[in-house]
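Please read the structure below before turning to the comments.
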Amino acid sequence: MPELPEVEVVRAGLERHVVGARIAAVDVLHDRPVRRHAGGASGFAADLTGRRIVGARRRGKYLWLPLDDPDTGDAILAHLGMSGQMLVQPVDAPAERHLRVRFALTGTEHGRELRFVDQRMFGGLSVSVGGAHLPPEIAHIARDPLDPDFDDAAFVARLRTRTSAVKRLLLDQTLISGVGNIYADEALWRAGIHGERPGERLTRQQAVTLLGHARDVMRAALAQGGTSFDALYVNVNGESGYFDRSLHAYGREGEPCDRCARPIRRVAFMNRSSYFCPRCQPVPRRATLTRAR
DNA sequence: ATCGCGACCTGGTTGC
DNA sequence: TGCAACCAGGTCGCGA
């Protein structure tokens, strides 16, 4: 699943390989990925044909490609969802099994085209009117911890006012973006904090430490991802796993904790799985529950 | 404002 | 063997 580091690798690839190109034609092979576009599939194609890509930007896991004017123009807004890929391919390369949208381009090196491939179609594309600087559709998405303008102190303060479980807060894109289920579990493991601790029950130092670990995990993944992709092949592998060897908690149910050797546990949380070490990340006590029994 | 849950998707795996 | 049920999870929209 693409998390922030993978999305950043895709952004950098798009910046290198499609910025400057003009869209000659758009072929929408499946309606679902353009469901958020007001004009539907035909409108999506019509709105983009003939326009020039002038940038590749990102906030959290959203990507956008400003069109015509990098300050005041419209933009192609994209999210990879769980299985989305942006591929820059030779025009004669065979269609991928889950190819959804094809962008014919002029002005790329080697005559390549841009393809949106997405098996599960949680991802999507739309045209954001006037969205070159920041698409209004994603104005509610917070900055990510790798963003130089991310406000550490404000995040820590907000985290500590909330009653929700801290893992839920890490996944709340209005507080901090780019953290998915995998890296949330990793950051919590590194910090020695159980994901079900309420935000308001964290000390300031714990919140600061947790944020630092979230940032470190993403930086490490970005450092690996940045060197593991071919420069001409903009890619996010939906099955990825190039960072798997560095994971301490996620997906390791029953395996010994790398710090204390106790078996990693898996529990259901938010209709997902959470992985944690029961010793390093003790389950928070619930005074009310204890009293009720 | 905040909280928490269900829906949206496909395909690989598991269970009967 | 065949088929159904389950699981993965980012985001949105809704009711409370």
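Below, read A as the first sequence line, B as the second, and so on, with proteins coming before strands; counting in each chain starts at 1.
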Check your understanding: Is the Lys NZ or Arg CZ of R59(A) less than 6.0 Å from the centre of W64(A)'s six-membered ring, within 45° of the axis?
Key ->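 No - R59(A) does not lie over the ring of W64(A) by the 6.0 Å and 45° rule.
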
Exercise for review: Using a 4.0 Å heavy-atom cut-off across all strands, classify F269(A) as base, sugar-phosphate, or nothing.
Suggested key: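 No contact.
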
Review point. Across the strands shown, which category fits R35(A) at heavy-atom distances under 4.0 angstrom: base, sugar-phosphate, nothing?
Key: nothing

Any ion pair linking [Y] and [X] (charged N to carboxylate O, less than 4.0 Å)?
| X | Y | result |
| --- | --- | --- |
| E15(A) | R11(A) | yes |
| R32(A) | D118(A) | no |
| D258(A) | R252(A) | yes |

Mind calculating the distance between [atom1] ([X]) and [atom2] ([N]) to the nearest angstrom?
| X | N | atom1 | atom2 | value |
| --- | --- | --- | --- | --- |
| Q119(A) | dG10(C) | CD | C1' | 15 Å |
| F122(A) | dC12(C) | CZ | P | 13 Å |
| Q173(A) | dC12(C) | CD | P | 8 Å |
| L4(A) | dG10(C) | CG | C1' | 13 Å |
| N181(A) | dA8(C) | CG | P | 9 Å |
| N271(A) | dC7(C) | CG | P | 11 Å |
| R120(A) | dA8(C) | CZ | P | 10 Å |

Polar side chain donor-acceptor pair, [X] to [Y], under 3.5 angstrom:
| X | Y | answer |
| --- | --- | --- |
| E96(A) | Q85(A) | no |
| T163(A) | E200(A) | no |
| R197(A) | Q206(A) | yes |
| K167(A) | S274(A) | yes |
| D185(A) | H248(A) | no |

**Study point:** More than 12 heavy atoms from other groups under 6.0 Å of CZ on R279(A)
**Key:** no

Check your understanding: Going by number, which of residues 156-170 of chain A have a non-hydrogen atom under 4.0 Å from DNA chain B?
Key -> R162(A), T163(A), S164(A), R168(A)

Point to revise | DNA chain B contacts among residues 126-153 of chain A, heavy-atom distance under 4.0 Å | key: none

Exercise for review: Please state whether the base of dA8(C) and the side chain of R272(A) form at least one donor-acceptor pair under 3.5 Å?
Suggested key: no

Answer yes or no: does a side-chain N or O of [X] lie under 4.0 Å from OP1 or OP2 of [N]?
| X | N | value |
| --- | --- | --- |
| R36(A) | dG13(C) | yes |
| S273(A) | dA8(C) | yes |
| Y183(A) | dG10(C) | no |

Exercise for review: Using the closest heavy atom to pick a nucleotide of DNA chain C for each, name whichever of M270(A) or R266(A) lands nearer the 5' end.
Suggested key: R266(A)

Exercise for review: Using five base pairs at each end, measure the axis-to-axis angle across the helix from dT2(B)-dA16(C) to dC16(B)-dG2(C) and round it to 10 degrees.
Suggested key: 50°

Check your understanding: Between D152(A), D147(A), D144(A), which is the residue that forms a salt bridge (Lys or Arg N to Asp or Glu O under 4.0 Å) with R215(A)?
Key -> D152(A)

Point to revise | chain A contact limits on DNA chain B, taken 5' to 3' with a cut-off of 4.0 angstrom to heavy atoms | key: dT2(B) to dG11(B)

Exercise for review: With sequence neighbours left out, write down each residue that passes side-chain hydrogen bond (donor to acceptor under 3.5 Å, both in side chains) with R266(A), or none if nothing qualifies.
Suggested key: E253(A), S273(A)

Check your understanding: Does D68(A) have any salt bridge (Lys or Arg N to Asp or Glu O under 4.0 Å) partners at least two apart in sequence or in another chain, and if so, which?
Key -> R51(A)

Check your understanding: Do V217(A) and V179(A) belong to the same hydrophobic cluster, where Ile, Leu, Val, Met, Phe, Trp and Tyr are linked whenever their side-chain heavy atoms lie under 4.5 Å apart, directly or via other members?
Key ->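 Yes, same cluster.
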
